[in-house]
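Working notes, structure below.
Note on naming: letters A, B, ... go to the chains in the order of the sequence lines (proteins, then strands), and numbering restarts at 1 for each one.
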Amino acid sequence: MGNLFECLGNFFGRKNTNVRVSLPAVCFIWQIAMIVLFGIFVRYDEESDVKKWLELKESANITSNIENDFYFRYPSFQDVHVMIFVGFGFLMTFLKRYSFSGVGFNFLIAAFGLQWALLMQGWFHSLDPVTATISIGVESMINADFCCAGSLIAMGALLGKVSPVQLMIVTLFGVTLFAVEEYIILDLLHCRDAGGSMVIHAFGGYYGLAISWVLYRPKLHQSKSLNGSVYHSDMFAMIGTLFLWMFWPSFNSAITDHGDGQPRAAINTYLALASSVLTAVAISSMSQKKGKLDMVHIQNATLAGGVAMGTAAEFMITPYGSLIVGFCCGIISTFGYLFVTPFLEKTLKLQDTCGIHNLHAVPGMLGGFVGAIVAAFANEDVYGKEGLKRVFDFEGDFANRTPGTQGGFQAAGTCVAIAFGLVGGGVVGLILRFPIWGDPADDNCFDDEVYWEVPEEDEEEIIPPVLEYNNHMIHKHQDM
Amino acid sequence: MGNLFECLGNFFGRKNTNVRVSLPAVCFIWQIAMIVLFGIFVRYDEESDVKKWLELKESANITSNIENDFYFRYPSFQDVHVMIFVGFGFLMTFLKRYSFSGVGFNFLIAAFGLQWALLMQGWFHSLDPVTATISIGVESMINADFCCAGSLIAMGALLGKVSPVQLMIVTLFGVTLFAVEEYIILDLLHCRDAGGSMVIHAFGGYYGLAISWVLYRPKLHQSKSLNGSVYHSDMFAMIGTLFLWMFWPSFNSAITDHGDGQPRAAINTYLALASSVLTAVAISSMSQKKGKLDMVHIQNATLAGGVAMGTAAEFMITPYGSLIVGFCCGIISTFGYLFVTPFLEKTLKLQDTCGIHNLHAVPGMLGGFVGAIVAAFANEDVYGKEGLKRVFDFEGDFANRTPGTQGGFQAAGTCVAIAFGLVGGGVVGLILRFPIWGDPADDNCFDDEVYWEVPEEDEEEIIPPVLEYNNHMIHKHQDM
Amino acid sequence: MGNLFECLGNFFGRKNTNVRVSLPAVCFIWQIAMIVLFGIFVRYDEESDVKKWLELKESANITSNIENDFYFRYPSFQDVHVMIFVGFGFLMTFLKRYSFSGVGFNFLIAAFGLQWALLMQGWFHSLDPVTATISIGVESMINADFCCAGSLIAMGALLGKVSPVQLMIVTLFGVTLFAVEEYIILDLLHCRDAGGSMVIHAFGGYYGLAISWVLYRPKLHQSKSLNGSVYHSDMFAMIGTLFLWMFWPSFNSAITDHGDGQPRAAINTYLALASSVLTAVAISSMSQKKGKLDMVHIQNATLAGGVAMGTAAEFMITPYGSLIVGFCCGIISTFGYLFVTPFLEKTLKLQDTCGIHNLHAVPGMLGGFVGAIVAAFANEDVYGKEGLKRVFDFEGDFANRTPGTQGGFQAAGTCVAIAFGLVGGGVVGLILRFPIWGDPADDNCFDDEVYWEVPEEDEEEIIPPVLEYNNHMIHKHQDM
């Protein structure tokens with residue numbers, strides 16, 4: 001098998017970035033596979049199928065069409081959708097000549113990932129044993145978007161160093177691994193993780209870091225001149241930051257229980273995010289000569305509070321508890337950008353373009369443990385007897401679980417997510433090392449020119465007269 | 001009449017782009033006309049008028065204020081509103097020096113168009129025969145935004161070649177034609193077209209193409225240097241693309257029936273759009289040397305699935321059916337940009353700046369026919385007896401219509417929309433040829449300088465020393 | 001006290017823009033204060049606390065979780081949230097080299113302001129006398145965002161001339177003053193002001209103007225070269241404009257009464273905004289040679305209709321009444337940018353970077369008076385007996401108030417808002433004059449370099465060869 005790949009690699013040439021065969025092939029074959037698999041497995045759920053809905057209305061004594069769950073999930077879905085495509089997409093446009101790829105490849109892999117996620121999550125969570133079909137509805141769309149987020153986070157570590165074909169592979173495996181770990185964590189361990197500190201951020205972060213570690217490029221400094229921002233690319237990235245920041249309360253509350261759960265998750269996230277902004281600014285200012293702020297910190301570390309509240313947001317963490325979580329994570333994340341990322345690159349040979357270690361991996365892990373602690377200290381005084389059951393879903397097989405035990409399982413769940421990320425990322429990294437995927441050479445990274453038709457800038461308009469004078473003079477000189 | 005126009009034309013001078021009289025005149029007179037007509041005709045509907053709402057609550061036994069339809073339409077309205085102003089607006093900012101006009105003129109004509117649409121659609125659809133008034137509410141606002149979309153699509157074909165006054169005229173007639181064809185298609189032919197494949201996209205696309213054909217400029221190549229993008233203008237256009245792409249599920253579901261209809265329309269559109277992205281990328285990559293992607297395709301063809309699902313999204317097209325529609329339209333649209341647009345320009349003398357032929361006209365037409373086919377094959381097995389009535393609204397005068405007949409009418413509706421677009425556009429094009437509207441000369445197209453105070457760039461900051469050296473040397477030369 | 005500050009000022013040096021101590025100190029201390037105060041005072045309200053919600057459901061006979069108010073306020077909250085962070089933030093990115101500060105400082109002070117607003121508004125409006133706690137929920141989040149808006153408006157007048165530390169102080173006092181004037185206007189005077197023409201725009205506008213007047217810089221012309229836009233900075237500002245414009249109907253309807261109130265407020269605002277666009281364009285075009293449009297007018301004056309409808313939007317102002325308000329305010333605002341801002345700077349020594357006088361102060365004041373007039377003319381014919389009580393909340397202590405009296409109180413409320421803005425702004429301005437806050441020197445304004453690590457542009461890529469030629473030639477010359 002290795003020989004075959006080697007042979008193919010030689011055929012295409014090492015570091016041949018031509019993806020004219022591989023990219024269309026991957027897109028077409030995978031999309032056709034999606035169509036076939038959707039045809040076999042996927043059906044509308046009872047709230048989107050006209051026949052089933054009319055039956056449901058009759059059987060469940062629903063009197064009005066406005067009781068359809070669409071009206072109580074869809075606005076949150078759209079907010080999450082914006083985060084996935086504009087939020088993650090524009091956050092990755094900060095590099096001076098890699099903005100097309102940042103937003104464009106994010107678009108491509110999320111559009112594939114959500115289809116594959118509908119299938120994978122359906123198979124694990126809602127496969128009807130009789131008809132062998134999956135029912136999809138608005139909540140499935142939210143979950144599919146969530147599932148993509150794991151792979152988009154991983155893309156952040158790899159930004160500028162891989163081909164779109166490799167990103168498609170990262171997504172194929174990322175979504176698959178996500179569905180499995182999510183099944184283990186949410187269904188088997190019965191953890192709560194509404195905003196995905198564990199299943200999305202810790203998993204996605206370590207998945208991307210492991211891949212990047214395997215793909216280490218010792219000569220990446222050759223592309224150093226392009227691994228940075230310019231004024232307007234930083235502004236585009238702020239569009240991503242702000243849409244992520246604003247809609248994060250929707251992200252953490254989108255699939256929480258109806259009723260008190262959703263507003264509580266939204267408020268907690270809103271507060272943690274606000275707190276993160278102040279501490280990220282403070283550390284950023286302290287770290288620089290004359291107290292100048294660094295855009296990297298403002299674009300990223302301000303979001304750490306949202307990541308870290310992914311698990312605990314739906315719990316009774318209290319408003320000031322949320323502020324404390326945001327406070328700490330804003331600091332930790334900014335310190336990460338200042339010291340940990342350079343340290344990882346130097347000592348661990350880990351190149352992390354967007355610093356996902358500081359924005360997703362660590363805050364996600366911390367968020368998992370915060371959730372575990374808050375769960376462990378839950379009690380009937382605060383939640384009420386019914387409320388405790390309600391929030392932690394202590395029903396069925398789990399009716400006898402105590403908050404303490406739940407806390408232990410939450411912590412275990414965080415470890416499972418990290419393990420899946422690290423091991424899965426390692427394996428996927430090895431797959432990506434086959435020299436057939438069209439990744440750029442070390443001196444060719446962070447450059448849209450490799451995969452895009454980039455319009456020529458109008459510099460001629462300004463420069464030519466100058467050059468002309470020069471040429472003119474040069475000729476004159478030569479004439480002299 | 002012709003003489004008068006000619007005379008006025010001579011007075012202002014041919015290709016005089018001064019709109020200092022005409023643009024304010026059009027804005028003021030039309031806005032005052034709106035105020036007068038709104039004063040005569042427009043009232044709040046029973047859900048926004050306090051007296052009528054309290055009466056309605058009593059008569060219809062509504063117990064709670066939260067049963068007001070506002071809560072079940074308004075979030076979709078806001079998504080549609082973003083598509084109209086940011087989506088269409090920023091999609092048209094891709095030209096290097098025409099971004100102000102792209103987003104600014106879009107803003108102007110949509111702000112006028114929605115007022116005129118409230119009146120036109122009101123007269124045709126909700127005129128109270130007793131009081132001779134129109135009642136407007138949240139659903140009217142969605143419909144008014146939809147109605148503007150037809151003219152904004154037409155603007156895409158004309159981008160860079162017409163004056164703002166001409167665009168106002170395009171909108172005045174566009175909205176008028178829209179209201180008439182919509183009345184014929186939805187009320188007389190009793191077609192279903194929730195997301196407007198026919199009434200919005202096919203109509204708007206052919207309307208714009210017909211106008212552009214009449215306004216053919218044989219010497220447009222003189223502005224060739226400005227008819228292209230630069231790096232950051234392509235990034236601004238991606239903002240438009242993504243907001244259109246993300247919110248298209250809201251567009252196609254915004255005015256569908258409450259209950260199962262809206263989630264189904266949203267899911268189908270979501271899937272078709274995802275599928276379009278993969279095939280647009282595939283064809284774009286296949287078409288270029290080294291498999292490089294073209295931003296034009298990513299910005300536009302990825303949206304074709306949403307256009308094509310405008311009619312069928314609310315039907316039981318099945319999830320994999322939606323994927324197939326997106327799959328095909330992504331391919332067709334990208335091929336359109338590669339081959340059809342250049343062909344049309346060369347052989348048909350049709351200049352289509354944004355390629356609306358490939359994004360709206362053809363996918364809209366296909367969407368109409370897809371809707372016809374899906375309608376024709378509808379049956380009680382899939383929809384249930386009640387469901388069939390419900391989805392196709394087989395009630396009142398149309399109680400005896402069969403799915404087969406409905407399919408025929410849907411196809412007929414598509415043809416009506418195209419006919420209205422072509423004929424209406426031809427006539428409007430002739431009106432726009434009068435030489436009094438301030439359109440730019442052939443060598444002056446695609447340039448914001450014509451209609452905007454454009455800030456000067458700071459290039460001096462960098463260039464002057466260089467020029468100084470040169471001047472210095474030139475003098476030296478002269479001294480020699 | 002003055003001596004102490006003087007002394008500190010000398011210690012740090014006059015016009016020392018180093019904020020490396022003061023900015024982190026302010027962020028940390030204030031954020032820790034927030035945590036402590038939230039710990040003491042802030043609790044979840046009965047719709048976000050699991051125990052209280054289950055009790056409420058039982059006591060109020062609520063049968064379903066979807067009756068939680070979250071579902072009927074949260075979509076509006078998210079729209080308002082986008083206006084605060086992307087709308088205001090990007091609107092202030094129009095300066096060529098101050099975009100980082102525009103969007104970044106807006107982000108910082110809004111994130112602080114909303115926390116402080118939750119406390120201040122809680123103390124004034126919802127302090128439980130028994131437990132001495134504040135209950136927060138979704139509506140509190142909307143109100144907190146509103147409260148920030150006052151300070152963000154003030155920031156518009158100061159843009160480019162103050163340090164982030166000064167902006168934090170503007171926000172601390174701005175939010176405090178806001179909560180007091182809001183309590184007086186809404187609770188004591190019992191005014192209606194759903195969209196805040198008075199309490200947000202008139203207050204915020206005059207607050208900012210008074211501060212700016214006290215901080216007058218006679219030599220600001222030294223920074224003239226940076227006090228302007230470039231092409232792409234104007235495009236970023238349009239993002240802000242459009243998100244403000246599109247979501248303003250949500251802003252004015254977000255905290256209105258459920259039922260007919262919200263759709264009416266949305267429709268009225270939608271119409272007024274559309275009308276503003278046409279008149280702003282008309283006046284802009286009339287004012288320039290050849291009828292060219294000015295981006296400053298399009299970015300700002302198009303929004304005046306939304307500001308001016310902040311009070312009257314929830315009243316029965318009629319659709320054509322809304323169009324008239326938008327019509328007039330579009331004209332007034334554009335004239336303001338053309339004539340009043342230069343006049344104020346010249347004669348009143350008032351420097352108003354964003355022209356908030358024309359977009360917020362005057363339209364807000366007019367909006368207050370429009371509200372007073374519409375209230376005064378309200379009658380039972382139009383509103384019905386119940387409706388009149390409902391819209392103006394003539395209950396409890398105010399059961400006997402007549403529309404005429406209400407109109408008088410509305411007008412008085414407007415004056416209170418302006419007085420609070422002017423006096424409060426004067427005092428805050430004096431505080432900001434202490435020479436310890438790190439504000440820039442007159443020749444250093446409007447420049448991100450002062451407070452940000454700004455990436456270097458890649459101009460070298462283009463220029464060096466030219467310079468090299470020059471140098472080469474210069475040497476040659478010298479050799480000659």
Is chain A contacted by the side chain of Leu388(B), its backbone, both, or neither, given a heavy-atom distance below 4.5 Å?
neither
Residue Glu47(A) versus chain B: region with a heavy atom under 4.5 Å:
backbone
Which answer fits Thr302(B), side chain, backbone, both or neither, if we ask what part of it has an atom under 4.5 Å from a heavy atom of chain A?
side chain
Would Phe72(B) and Phe70(A) count as a close aromatic pair, with their ring centres under 6.0 Å?
no
Result for salt bridge (Lys or Arg N to Asp or Glu O under 4.0 Å) between Asp257(B) and one of Arg73(B), Arg264(B), Arg192(B) points to Arg192(B)
Given a strict heavy-atom distance threshold of 4.5 Å, which part of Asn268(B) is in contact with chain A: side chain, backbone, both, or neither?
side chain
Given heavy-atom pairs under 4.5 angstrom as the criterion, report whether the side chain, backbone, both or neither of Leu118(A) touches chain B.
side chain
What part of Ser233(B) gets closer than 4.5 Å to chain A, counting heavy atoms only: side chain, backbone, both or neither?
neither
For Asn65(A), is it the side chain, the backbone, both, or neither that has a heavy atom closer than 4.5 Å to a heavy atom of chain B?
both
Non-hydrogen atoms of chain B under 4.5 Å away: do they reach the side chain of Val450(A), the backbone, both or neither?
backbone
Under a 4.5 Å heavy-atom cut-off, does chain B meet the side chain of Phe38(A), its backbone, both or neither?
both
Part of Val382(B) lying under 4.5 Å from any heavy atom of chain A
backbone
Return the option, out of Gln288(B), Glu386(B), Lys385(B), with the maximum number of heavy-atom pairs under 4.5 Å with chain A.
Gln288(B)
Counting only non-hydrogen atoms closer than 4.5 Å, does Ile66(A) touch chain B with its backbone (N, CA, C, O), its side chain (CB onward), both, or neither?
both
Heavy-atom contact with chain B under 4.5 Å, split by part of Tyr451(A):
backbone
Side chain, backbone, both or neither: which part of Tyr74(B) has an atom under 4.5 Å from a heavy atom of chain A?
neither
What part of Val19(A) is in contact with chain B, defined as an atom under 4.5 angstrom from a non-hydrogen atom: side chain, backbone, both or neither?
both
Can you tell which part of Asp448(A) gets under 4.5 Å to a heavy atom of chain B, answering side chain, backbone, both or neither?
side chain
Contacting moiety of Asp79(A), where chain B heavy atoms sit under 4.5 Å
neither
Report which part of Pro319(B) has an atom under 4.5 Å of a heavy atom belonging to chain A: side chain, backbone, both, or neither.
both
The interface call for Phe90(A) against chain B, heavy-atom contacts under 4.5 Å, is side chain
Gln78(B), part contacting chain A, at a heavy-atom distance under 4.5 Å:
neither
So which of Phe327(B), Tyr320(B), Tyr231(B) has the largest heavy-atom pair count under 4.5 angstrom toward chain A?
Tyr231(B)
The interface call for Ser22(A) against chain B, heavy-atom contacts under 4.5 Å, is neither
Pick from Gly384(B), Pro263(B), Ala265(B) with the largest number of heavy-atom pairs that fall under 4.5 Å of chain A:
Pro263(B)
Locate the shortest heavy-atom distance separating Ser163(A) from Trp437(A); write the atom from each residue and the value.
OG-O, 2.5 Å
Where does Phe100(A) contact chain B at under 4.5 Å (heavy atoms): side chain, backbone, both or neither?
both
Is Lys57(A) atom NZ crowded by more than 12 heavy atoms from other residues, nucleotides or ligands, each under 6.0 Å away?
yes
Answer with side chain, backbone, both or neither: which region of Leu37(A) has an atom nearer than 4.5 Å to a non-hydrogen atom of chain B?
neither
Checking Tyr71(B) against chain A: side chain, backbone, both or neither under 4.5 Å from a heavy atom?
neither
